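Report on the following structure.
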There are 2 protein chains.
Amino acid sequence: MRDSSQETPEYCAIETAMEVLGGRWKLAILKQLLTGTLRFSELKRALPRITQRMLTRQLRELEADGLITRTVYREVPPRVEYALTEAGRSLDAIADQLDTWGRWYRDTYRAADRSAQEQPTATAVGTP
Amino acid sequence: MRDSSQETPEYCAIETAMEVLGGRWKLAILKQLLTGTLRFSELKRALPRITQRMLTRQLRELEADGLITRTVYREVPPRVEYALTEAGRSLDAIADQLDTWGRWYRDTYRAADRSAQEQPTATAVGTP
DNA sequence: CCGTATCCTAAAGGATACTG
DNA sequence: CAGTATCCTTTAGGATACGG
């Protein structure tokens, strides 16, 4: 028999993580909520480029995945507040590091475009 | 994805990061390469569910984004080796934490399905 | 061995208008 | 305020076949 060190069930859990966190906005939304509870309009303002429809959808998915809670206050005008669950908060460090890395990457490879990369010119910026 | 047209200044750099790292396979590939240089067929074997076409494409994008290098040895049969650049290696910690988180998430919310979540039932598992 | 070339489906994402 | 409802375009992702 073979040594079981190569048994696939031990899949790269990153795939799982990306299934939940993938998409353009999920982590950006979570990052906003790390600062505390926010209502829909506040999130919308914090992420100006997201459309209302996408914000709604991503919030619902995050809720379904157990990363955020949604609380509706039946007032006039209506108020809906979003907050992180424990699972959502557990992404704190990761979101922070991704943010840092993204900033570093953007500064280093300023042409985030898929066509302007002949020479690194200088990796002398130092990696995070 | 991959817009970068509207460079709003103090933006959530996570969006940038996700433009580069998003997609189902990018981080999984990077994680494999963290163990060292690998050739195409080795990567394919390490990620059985990826198709040849997708592997090729993702590798090319990672290369274009400056995260990996591609070295062709013109032999018979051909040999192509992939390795991380400094920028790619700088994702070490993040990839590791995402993997850990993904495993934890999968164990906790075993129904990774988007329909079996009424109540957290118990957040008593403890977060990473 | 390491890819391209086609062709295709499904999902992500978006613009705009309307509503309780 | 916080959404739905439509309709539409763009990517992601994949099956399969062929090529240097």
Side-chain angles (χ1 to χ4, degrees), chain A residues 12 14-16 18-29 32-33 37-65 68-83 112-115, chain B residues 1-6 12 14-16 18-29 32-33 37-65 68-83 112-115:
Chain A
C12 194
I14 286 186
E15 286 184 44
T16 305
M18 293 311 284
E19 279 169 22
V20 179
L21 306 173
R24 191 169 170 178
W25 304 105
K26 294 277 180 72
L27 277 164
I29 291 172
Q32 294 302 320
L33 291 176
T37 298
L38 291 174
R39 41 197 301 192
F40 188 86
S41 52
E42 292 172 319
L43 278 169
K44 180 74 187 69
R45 220 170 302 129
L47 304 166
R49 296 198 295 195
I50 198 175
T51 61
Q52 206 171 29
R53 179 179 172 293
M54 283 313 294
L55 182 52
T56 301
R57 283 176 49 160
Q58 307 274 298
L59 285 170
R60 292 297 146 83
E61 291 189 10
L62 287 170
E63 189 192 4
D65 285 335
I68 66 173
T69 61
R70 176 172 180 268
T71 311
V72 181
Y73 297 90
R74 290 189 75 24
E75 314 168 345
V76 187
R79 181 161 55 105
V80 180
E81 289 190 345
Y82 295 92
D113 201 28
R114 166 142 311 155
S115 49
Chain B
M1 274 189 185
R2 215 165 293 278
D3 183 2
S4 78
S5 50
Q6 267 276 9
C12 193
I14 285 186
E15 288 184 44
T16 305
M18 293 311 284
E19 281 170 21
V20 178
L21 305 174
R24 191 169 169 180
W25 303 106
K26 294 277 179 72
L27 277 164
I29 292 173
Q32 295 301 321
L33 290 175
T37 298
L38 291 175
R39 42 196 301 190
F40 188 88
S41 51
E42 291 172 321
L43 279 169
K44 181 74 186 68
R45 219 170 305 130
L47 304 166
R49 297 196 293 195
I50 198 174
T51 61
Q52 205 170 30
R53 179 180 172 292
M54 283 313 295
L55 182 53
T56 302
R57 281 175 52 158
Q58 308 273 298
L59 285 170
R60 291 297 145 82
E61 291 190 8
L62 288 170
E63 188 191 6
D65 285 334
I68 66 173
T69 60
R70 176 173 180 266
T71 312
V72 182
Y73 297 91
R74 291 189 78 20
E75 314 168 343
V76 187
R79 180 162 56 107
V80 180
E81 289 190 345
Y82 295 91
D113 199 28
R114 174 143 305 160
S115 51

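Chain A is the first sequence line, chain B the second, and so forth, proteins listed ahead of strands; every chain is numbered from 1. In this text, all values refer to a predicted model and were calculated from it rather than measured experimentally.
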Say you draw a straight line from CH2 of B/Trp25 to OG1 of B/Thr51; how long is it, rounded to the nearest 0.5 Å? 8.0 Å

Can you build the contact string for nucleotides 15-20 of chain C? Use B for base contact, S for sugar-phosphate-only contact, and - for no protein heavy atom under 4.0 Å. B----B

At under 4.0 Å between heavy atoms, what does B/Tyr82 touch on the DNA or RNA strands: base, sugar-phosphate, or nothing? sugar-phosphate

Please check the phosphate of D/dG3 (OP1 and OP2 only) for any side-chain N or O of A/Arg70 closer than 4.0 Å. yes

Which nucleotide in D/dG13, D/dA2, C/dG3 has an atom nearest any side-chain atom of A/Ser41: D/dA2

One should read off an interatomic distance between B/Arg57 CZ and B/Leu59 CG, to the nearest 0.5 angstrom, of 12.0 Å

Presence of A/Arg45 side-chain N/O under 4.0 Å of D/dA2 phosphate oxygens OP1/OP2: no

Does any non-hydrogen side-chain atom of B/Arg24 lie less than 4.5 Å from one of B/Met54? no

To the nearest angstrom, how far is B/Arg57 atom CZ from D/dA12 atom P? 7 Å

As an exercise, state the distance from CD of A/Gln52 to CG of A/Leu43, rounded to the nearest 0.5 Å. 12.0 Å

Which part of the nucleic acid, if any, lies within contact of A/Gln58, taking any heavy atom under 4.0 Å across all strands shown: a base, the sugar-phosphate backbone alone, or nothing? sugar-phosphate

Drop me the distance from B/Gln32's CD to B/Leu47's CG, to the nearest 0.5 angstrom. 5.0 Å

With B/Tyr82 as partner, the option from B/Thr37, B/Leu33, B/Ile29 fulfilling side chain to side chain contact (heavy atoms under 4.5 Å, CB included) is B/Leu33

Measuring from B/Lys26:NZ to B/Glu61:CD, what's the distance to the nearest 0.5 Å? 4.0 Å

Taking only N and O in the side chain of B/Thr56, is any of them less than 4.0 Å away from OP1 or OP2 of C/dG3? no

Answer yes or no: does a side-chain N or O of A/Arg60 lie under 4.0 Å from OP1 or OP2 of D/dT4? yes

Side-chain N,O (A/Arg39) to OP1/OP2 (D/dA2) below 4.0 Å: yes

Computed from five pairs at either end and rounded to 10 degrees, the angle between the axes of the helix from C/dC1-D/dG20 to C/dG20-D/dC1 is 60°

Check: A/Ile50 main-chain N/O paired with A/Lys44 side-chain donor or acceptor under 3.5 Å: yes

Is there a side-chain contact between B/Glu81 and B/Glu42, using heavy atoms and a 4.5 Å cut-off? no

